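Right, one structure below, let's go through it.
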Amino acid sequence: MTELPKAYEPHSVEKKWYPIWLSSGYFKPSGEGRKYCITIPPPNVTGSLHIGHALCYSIQDVLIRWKRMQGYDTLCVPGTDHAGIATQNVLEKQLKKEGLTRHDVGREKFVERTWQWVHEYGGVILSQLQRLGCSFDWDRARFTMDEGYIDAVMECFVQWWEAGLIYRGKRVINWCPRCLTAISDIEVKHEDRAGKLYHIRYPFKEGSAMVVVATTRPETMLGDTAVAANPSDDRYRQLFGKTLILPLIGREIPLIPDDYAQSEFGSGAVKITPAHDANDFEVGMRHNLPKVIVIDEHGRMTEEAGRYAGLDRFEARERVVQDLSAQGLIEKIDDYVLPEATCDRCHTVIEPLLSEQWFVRMKELAGPAIDVVRERRVRFVPERYERTYLEWMENIRDWTISRQLWWGHRIPVWTTEDGEYIVARSEKEALEKAAGRPIKQDEDVLDTWFSSGLWPQAVLGWPKQTEDLARYYPTSVLTTARDIIYLWVSRMIMSGLYFMKDIPFDEVYIYATVLDEQGRRHSKSLGTGVDPLDVIELYGTDALRFALLVRAARGQDIRFASIKEKRQPQVEEARNFANKIWNASRFVLMNIGDASGIEPGWVPSDALADRWILAELNSTIEQVTVALEEYRINEVAQTLYHFFWDSFCDWYIELSKSLVASRESTEEVRAARCRIVYVLETSLRLLHPLMPYITEEIWQRLPHEGESIMMAPWPEALPVREDQQAREQMETLIAVITRVRNIRSIWNVPSQSRPKLCIGTDNASTRALISRNEEQIKRLARVAQVTVSDRLRIAERSARDIVSGMEIAVPLEGLIDLEKERERITREITRKENEARGLAARLDNASFMERAPREVVEEARNRHDELIAEIEKLRGTLESLEDGS
RNA sequence: GGGCGCUUAGCUCAGUCGGUAGAGCACUGUGUUCACACCGCAGGGGUCACUGGUUCGAGUCCAGUAGCGCCCACCA
């Protein structure tokens, strides 16, 4: 066997195993038995891996590796999203560098160029997921615009159209003047910004009276076609129907009654601009008002804006205010905090614009999607997101699905010359339906979420009735970020129920948002991001995964620091753990030689350490498995960390060292080696889903069954291995050893020196326990001799203490400072007295005795009595110290 | 305006059934014992944001307050 390096070297190990796993077909489903399926949230095809992805996909890889080891038929389907606006932005930026716009190259060339780019660079993020160790079935990878996927999108559109769920309508929609497209309500972000509230006077046509209206957007007044007041507002009751003159424009507009106007706000009168405000649009519909468009799709004033035509909307605002002011028509201008709507993608201020778009009627689709969540057929983890989802779904509004972009699924609607709509799955089908009439396809493309909303069924083959679809739909769990519950999760549930007549997944696990050290969201543009690949470069994949997973408490955000001076303390902790695993394994490996005679399976033993580690291992398996089932990934990581480091390394290896590392080749030695290999091998299997590479590397060097740890069975907890007695006894043993070490530390006993240890206790079974484990105590406490008796009688000057009802003494002639020792013991007595007093008070409390559960009372009493006995003994010790002994 | 989350050791965070607070890092002392200094051993450190309530008992449950963060929302 080759010498193992002293420290774990992740990079060569990662490079070695991933290709082997891949070519062995381990990532593929077995097709047999119980199934477990995940379709990953497809990252943007333009994307590169960021730290949030690293967490998201690590979690999914943990789940899929765990279920695979449990023997499930596991399938994890990866893929990418064409990400309409995001991708188009990337390509437009590229063109801009060449001094071109998309209009210069034309639609066809632009789309072609985008495809080229996707083919060339689109796979980057998937290869980065491979570096993360993800065991996904890459042969099944899908793209939301691949051939089969297009069929799915077209099928969906056609079916929804035929069911009357899709319609075309003229509405005030959210328009991004930079992206030059409509966007849906949920793609608009609201942010409070400091602004002004302008109070403008509108004169009546007759007389000198004025009505004051307030607005945050004075430039839109140019498009006003009415002023409204609440019908119950006494100030205006007599004035309804009168005509106002719109300043600057001179248009005659009516004063109308409408409930939309609230009497309490300002003067109670509100200007109505039906073409540039969604509410005003509704008012306009009710009163049949004209809709005057004064701002165009670029955010510039139109011809309708008169002398302001051609001005940018913000410039126009200033000019309008100036001009009104010059005419004495500004009553006042207040400071005002207004929620400003911006584009989720480019942060440009949204312009509400009257335009014709395609919509999906949501009420009908939402109904069943509400039911399945309410009935917990789809379960949210953490549960609180269920309410978030339900409240949104219950107030859902129609979905604007058309986008004025070039990159995306072109809307499958053609029109004939006389304006008839032909909706078809393909141009061929459309032509057939047109029966010779010339037709023209709609220019717009579909919202990206329209296609990704079909993800689980589409990647499994839908609309074709494939074997995958039949076998793996519904999928098991969707792991995703909370900010796309509306955008994506809700739509998958709706489309899944509609087309598959079944939920798309049983559970939705909302994982943590990764924040930077300031608590801000990681952002490339802010430069606060951490590149996971840099982290992997520095510490290895397993360390990155573990660092993230150990923090992945259910639904809680994670702060993740950036790399400073080539260091990242959180990942360093994980790297240190990996190294600990490495070195513990190195110890085992160097002692089992060529492993001849090492058999798999636990070799039974009566020794305390063996019984204890087996019980600990068993309960670790139990805890870890339950935690995985409940998505408490941090607990999985923590439990394994402490089992491995504290129980296995600090105690079990140390306790079994003399046998395991023995030069002799007795049966006892062989059995000890079998056992340590067993515990290590089982631990590696438990750790594998979190840290796939290091566990495979070591596992392959250990005696093992099977080709890869990936395919090894997940350990199972066995009730017979619970061993409360071993745990209690071990606790006592650990307490004794720790106390002796503590004494050594306090009195600076040189590490080479081997004092005696005297123990006194009237408990016969404790005495037996100490005697049985004398060799262990001698080794680990570094004492020369252990004497046990029913009472401590000792002549030499010694350090004294009480532990688990035992009196212990370590004779340290010459090292002990009597005064200091007296102080120490006095402090000890005081502490115990305080605790005992507290307990006594409780035991004295009638209500406590009456109402507390019997175990709690019992425990308090035992602890109290124990303390009293200990205090008694310590007092005795103190007396003997006074004597100078 | 509505909803949700957070506030625990110097820092980053755990804390399931209410039973008297834990981890990692950092810190202090110590150690080169043949797996590991990316380590061992020992140790110090907390008014669990605040106020009130329920309870024999509250970090944990309830009500409220403050600060921070997030989501939703058409009041001009």
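In this text the structure is predicted, and so the values were computed from the model without any measurement. Every chain is numbered from 1 and lettered A, B, ... according to where its sequence line falls, protein lines coming before strand lines.
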Could you check which residues of residues 735-744 of chain A get a heavy atom under 4.0 Å from RNA chain B? Sort them by number, please.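 A:Thr738, A:Arg741, A:Asn742 - these, ordered by number, are the residues of the stretch whose heavy atoms sit under 4.0 Å from the strand.
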Residues touching RNA chain B, which here means a heavy atom under 4.0 Å, drawn from residues 267-277 of chain A: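 Contacts with RNA chain B under 4.0 Å: A:Gly268, A:Val270.
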Distance criterion of 3.5 Å, no angle test: do you see the side chain of A:Glu654 paired donor-to-acceptor with the base of B:A35?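 Such a pair is found, so the answer is yes.
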Side chain of A:Lys6, base of B:C36: donor and acceptor closer than 3.5 Å?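 No, no donor-acceptor pair under 3.5 Å.
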Stems where RNA chain B pairs, listed by first number, each of three or more Watson-Crick or G-U pairs under 3.5 Å: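 Stems for RNA chain B, defined as runs of 3 or more consecutive pairs: B:1-7 with B:66-72, B:10-13 with B:22-25, B:27-31 with B:39-43, B:49-53 with B:61-65.
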Under 3.5 Å, which N/O atoms of the protein pair with N/O atoms of nucleotides 45-47 of chain B?
none

Going by a 90° cut-off around 0, is B:C17 syn or anti?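 Syn, angle within 90° of zero.
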Once salt bridge (Lys or Arg N to Asp or Glu O under 4.0 Å) is applied, do any residues pair with A:Glu9, and if so which ones, sequence neighbours excluded?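 Salt bridge (Lys or Arg N to Asp or Glu O under 4.0 Å) check on A:Glu9 returns nothing, list empty.
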My understanding is that only residues two or more places apart in sequence, or in another chain, count here; which of them pass side chain to side chain contact (heavy atoms under 4.5 Å, CB included) with [X]?
{"X": "A:Glu775", "value": "A:Lys778"}
{"X": "A:Ala574", "value": "A:Ala543, A:Phe546, A:Ala547"}
{"X": "A:Pro274", "value": "A:Thr225, A:Ile272, A:Leu289, A:Lys291"}
{"X": "A:Ala627", "value": "A:Arg632, A:Glu635, A:Val636"}

B/S/- along nucleotides 19-34 of chain B (protein heavy atoms under 4.0 Å) is BB--SS----B---B-
Residue list, ring-ring contact (aromatic ring centres under 6.0 Å, His included) with A:Trp399, at least two apart or on another chain: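 Residues passing ring-ring contact (aromatic ring centres under 6.0 Å, His included) with A:Trp399: A:Phe450.
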Which residues pass the side-chain hydrogen bond (donor to acceptor under 3.5 Å, both in side chains) test with A:Asn579, not counting sequence neighbours?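 Residues passing side-chain hydrogen bond (donor to acceptor under 3.5 Å, both in side chains) with A:Asn579: none at all.
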